[in-house]
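The structure appears right after this line, and notes come after that.
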Amino acid sequence: MIVNVIGGTISEEEKNAYMKYVIGKHSDQKITQLDINVDGDYVDLKYHFEPKNFERIRRITGYLVGTLDHWNNGKRAEEHDRVKHDVSVMEQI
């Protein structure tokens, strides 16, 4: 984790305490950077997370799926045969 102290100085012990606080508060995410902005007696913490992988979910033939990897041949054929509508061209009435 990159730690930046801005606007003042703090002890190594205090910096480690802020790091421990942020890591404990967000234990489910990896923090890549911590900015400690010192303003007199006040400290503002700004942290940046490592991006998480995102899986796209689609509704296909009545099912919410990310990929078709777990589908059997019958369900894959049903998806292949479905009518896919083009929404880019609208007919003028």
Side-chain angles (χ1 to χ4, degrees):
M1 172 189 329
I2 299 170
V3 179
N4 301 312
V5 178
I6 304 163
T9 58
I10 59 174
S11 69
E12 197 67 27
E13 182 180 347
E14 190 175 2
K15 185 165 79 169
N16 289 335
Y18 289 129
M19 289 171 54
K20 184 177 177 180
Y21 168 76
V22 171
I23 290 170
K25 186 174 180 182
H26 300 284
S27 60
D28 60 332
Q29 297 182 17
K30 182 173 181 183
I31 299 168
T32 58
Q33 181 177 329
L34 171 62
D35 297 331
I36 304 171
N37 191 358
V38 180
D39 185 15
D41 291 337
Y42 298 98
V43 174
D44 181 38
L45 302 176
K46 180 178 180 184
Y47 31 91
H48 307 270
F49 299 108
E50 184 174 88
K52 286 189 173 183
N53 291 335
F54 180 80
E55 183 179 340
R56 182 178 142 198
I57 302 292
R58 302 176 287 169
R59 183 179 180 96
I60 299 176
T61 65
Y63 297 92
L64 295 175
V65 297
T67 64
L68 306 180
D69 297 344
H70 297 96
W71 283 21
N72 64 25
N73 291 339
K75 196 45 84 175
R76 286 181 190 202
E78 183 180 336
E79 189 278 331
H80 181 267
D81 294 342
R82 74 185 180 114
V83 176
K84 297 172 178 88
H85 301 281
D86 184 11
V87 295
S88 63
V89 178
M90 299 282 296
E91 184 177 325
Q92 297 286 332
I93 298 179

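In this text, all values refer to a predicted model and were calculated from it rather than measured experimentally.
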Find the distance between CZ (Arg76) and CD (Glu78) and round it off to the nearest 0.5 Å. 13.5 Å

Separation between CD of Gln33 and CG of Asn4, rounded to the nearest 0.5 Å: 5.0 Å

All ring-ring contact (aromatic ring centres under 6.0 Å, His included) counterparts of His26, not counting sequence neighbours: Tyr47, Phe49

Taking atom CG of Asn72 as the centre, does the number of heavy atoms from other residues, nucleotides or ligands within less than 6.0 Å exceed 12? yes

What's the spacing between Glu14 CD and Ile36 CD1 if we round to 0.5 Å? 8.0 Å

Stepwise side chain to side chain contact (heavy atoms under 4.5 Å, CB included) check, Met1 with Ile23: CA-CA 10 Å; Met1 172 189 329; Ile23 290 170; 3.5 Å; yes

Joint cluster assignment, Val38 & Leu45, ILVMFWY side-chain distance < 4.5 Å: yes

If you take all heavy atoms of Val5 and Lys15, which pair is closest and at what distance? CG2-CD, 4.1 Å

Under a single-linkage definition using a 4.5 Å side-chain heavy-atom cutoff for Ile, Leu, Val, Met, Phe, Trp and Tyr, are Val3 and Ile6 assigned to the same hydrophobic cluster? no

Flag side-chain contact, heavy atom, 4.5 Å: Leu34 against Met19: yes

